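All of these numbers come straight from a predicted model, not from anything done at the bench.
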Amino acid sequence: MRTVSVLLRHELRLLVSLWLWITRRTHGADGGRAFGYGRGQGAMMAGLVFVCVIETLGMSVLLRNLPAVHRVVLALDVYTIVFVVGMHAAFTVRPHVLAADSLRIRRGVHVDLRIPLDQVASVGRELRMTHERADGELNLPVGSQTTVTLQLIEPVTHFTFLGRQQEVSTVRFHADDADTLVAAVKQARTAPSTSPGPPV
């Protein structure tokens with residue numbers, strides 16, 4: 001039952017992302033600096049949508065004499081197209097967000113990890129095309145690559161798509177403008193605190 005709930009919530013978030021994309025708005029970037037990460041997969045997603053459309057037209061021709069089956073297959077094909085476009089929309093409208101005290105790392109509707117800046121030990125630009133699973137590491141490639149590596153002072157808790165808890169101390173993710181993001185995080189980490197000092 002929990003899995004069904006997670007899947008339904010996932011579908012709803014995709015539809016919301018699609019609506020935000022159509023209306024040219026973003027999610028969760030208020031009060032922070034947004035960094036995109038979906039540009040590298042735009043061509044691939046467009047190609048996938050094109051293939052889905054061709055497949056839909058082909059099935060319509062093949063099943064034209066079977067109206068009941070045709071309606072079912074057409075509904076599934078249209079849903080698939082909406083799903084793919086929704087995934088691309090989610091990557092576009094849910095950017096990474098750098099706030100005054102945290103970095104919010106996201107990957108569509110699947111990952112939303114907020115890391116306090118005071119927990120960041122180091123941040124650097126690192127291009128990786130392969131990623132092996134390892135304890136304490138979270139890899140979030142886009143187009144099979146990550147461009148930023150974040151090392152943490154202490155592990156933070158990440159929840160997987162189905163809710164499994166995972167402690168991570170190394171996070172690798174992609175940003176379209178990795179150099180600017182890395183520089184902004186370094187600057188935010190060294191910026192003087194705006195909190196009031198102890199009473200005199």
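- Clustering ILVMFWY residues whenever any of their side-chain heavy atoms sit less than 4.5 angstrom apart, transitively, puts V109 in the very cluster that holds L15.
- Counting heavy atoms from C-beta on, the side chains of Y37 and T147 never come closer than 4.5 Å.
- Inter-residue side-chain proximity for T92 and R94 is flagged as unmet; no heavy-atom pair is nearer than 4.5 Å.
- I115 shares a hydrophobic cluster with F35, L98, L103, I105, V111, L113, L117, V120, V123, L138, L140, V148, L150, L152, V156, V168, V171, F173, L181, V182, V185; the chain of contacts runs through ILVMFWY side chains whose heavy atoms sit under 4.5 Å apart.
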Q: In sequence, state the C-alpha distance, the side-chain angles, and the governing distance for I22 and R24, and then conclude on side chain to side chain contact (heavy atoms under 4.5 Å, CB included).
A: CA-CA 5 Å; I22 292 171; R24 297 180 179 275; over 6 Å; no
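- Here the CG atom belonging to D118 is positioned 9.5 Å from the CD atom belonging to E154, to the nearest 0.5 angstrom.
- Hydrophobic clustering of Ile, Leu, Val, Met, Phe, Trp and Tyr side chains at less than 4.5 Å, counting indirect connections, keeps V73 apart from I81.
- Side chain of R106 to backbone of D112: no donor-acceptor contact under 3.5 angstrom is found.
- No chain of hydrophobic side-chain contacts below 4.5 Å, direct or via other Ile, Leu, Val, Met, Phe, Trp or Tyr residues, connects M45 to V51.
- Across V142 and F91, no two heavy atoms sit closer than the pair CG2-CE2, 3.9 Å.
- Shortest non-hydrogen contact noted between P95 and T26 is CD-CB, 4.4 Å.
- To the nearest 0.5 Å, atoms OG (S144) and CZ (R128) are separated by 14.5 Å.
- Counting heavy atoms from C-beta outward, V78 and L74 have side chains that approach closer than 4.5 Å.
- In this structure, Y79 is a member of the same hydrophobic cluster as L14, with clusters built from ILVMFWY side-chain heavy atoms closer than 4.5 Å.
- Side-chain N or O atoms of H88 include none that pairs as donor or acceptor with a backbone N or O of G38 at under 3.5 Å.
- Note that CD of E137 is 13.0 Å distant from NE2 of H158, once rounded to the nearest 0.5 Å.
- Q145 is listed as a side-chain neighbour of L127, based on a closest heavy-atom distance under 4.5 Å.
- Taking CG of L76 as the start and OG1 of T56 as the end, the distance is 10.0 Å to the nearest 0.5 Å.
- A heavy-atom distance below 4.5 Å is not found between the side chains of H27 and S17.
- Aromatic ring orientation, F83 versus H10: tilted (interplanar angle from 30° to 60°).
- At least one donor-acceptor pair closer than 3.5 Å links the side chain of R189 to the backbone N or O of A121.
- Atoms CZ and CZ, from F159 and R164 in turn, are 11.5 Å apart once rounded to the nearest 0.5 Å.
- Rounding to the nearest 0.5 Å gives a distance of 9.0 Å between OG1 of T146 and CE of M129.
- For the pair G28 and R104, the tightest heavy-atom approach, listed with the atom from each and the gap, is O-NH1, 3.5 Å.
- Side-chain atoms of R107 come within 3.5 Å of backbone atoms of P141 as a donor-acceptor pair (strictly under, hydrogens ignored).
- Residue V84 is grouped with residue L20 when hydrophobic side chains (ILVMFWY) are merged at heavy-atom distances under 4.5 angstrom, including chains of intermediate members.
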(Q) Assess the residue pair Q166 and T157 against the criterion (side chain to side chain donor-acceptor pair (under 3.5 Å)); give the C-alpha distance rounded to whole Å, side-chain angles, the decisive distance to 0.1 Å, and a yes or no. (A) CA-CA 6 Å; Q166 178 184 4; T157 302; over 6 Å; no
**Q.** Derivation of the side chain to side chain contact (heavy atoms under 4.5 Å, CB included) call for V53 and V49
**A.** CA-CA 6 Å; V53 170; V49 170; 4.3 Å; yes
